[in-house]
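Both backbone and side-chain heavy atoms feed into the values below; hydrogens, waters and symmetry mates do not. This one's a predicted model, so the numbers in the text were calculated from it and none came from an experiment.
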Amino acid sequence: MKDSTRTALLVAARTLVTAACVTLVVTARTTVGWGHLAVMLGALAALLALLASYNRRFR
């Protein structure tokens, strides 16, 4: 696989994961309960992991 194709697929995958995590946080915010809090914390942890992987590249 070409390097440019791999990079484009990686960017697309990270964008989809980011959109899914933000959607989870926004939808779980409107309800009350421990389960929804766990979903929000998991999505926020995934967003932090994505940010860390992005920053690791430009270190």
Side-chain angles (χ1 to χ4, degrees):
M1 181 182 317
K2 288 184 180 179
D3 193 39
S4 61
T5 305
R6 182 181 180 277
T7 303
L9 288 175
L10 191 59
V11 167
R14 285 182 176 166
T15 303
L16 289 174
V17 170
T18 301
C21 287
V22 169
T23 302
L24 279 173
V25 169
V26 170
T27 56
R29 179 186 59 84
T30 60
T31 55
V32 177
W34 290 107
H36 295 287
L37 178 63
V39 168
M40 286 175 45
L41 288 175
L44 288 173
L47 286 171
L48 284 174
L50 283 169
L51 182 62
S53 71
Y54 174 79
N55 284 335
R56 189 177 315 134
R57 256 188 0 194
F58 297 108
R59 189 178 277 195

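Heavy-atom contacts from other residues, nucleotides or ligands closer than 6.0 Å to CZ of Arg59 number 12 or fewer.
Residue pairs meeting the side chain to side chain donor-acceptor pair (under 3.5 Å) criterion with at least one partner in residues 12-29, sequence neighbours excluded, do not occur; the list is empty. Listed by first then second residue, pairs satisfying ring pair (Phe, Tyr, Trp, His ring centres under 6.0 Å) with a partner in residues 40-59 read Tyr54-Phe58, not counting sequence neighbours.
Evaluation of the side-chain hydrogen bond (donor to acceptor under 3.5 Å, both in side chains) rule for Thr31 yields His36 as partners, not counting sequence neighbours. Scored by the side chain to side chain contact (heavy atoms under 4.5 Å, CB included) test, Thr30 finds no partners at all (sequence neighbours excluded). Every residue two or more places apart in sequence or in another chain that forms a side chain to side chain contact (heavy atoms under 4.5 Å, CB included) with Val17 is listed here: Cys21, Leu50.
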Using distance only, find each side-chain donor-acceptor pair of residues 37-45 under 3.5 Å and give its atom names and separation, not counting sequence neighbours.
none

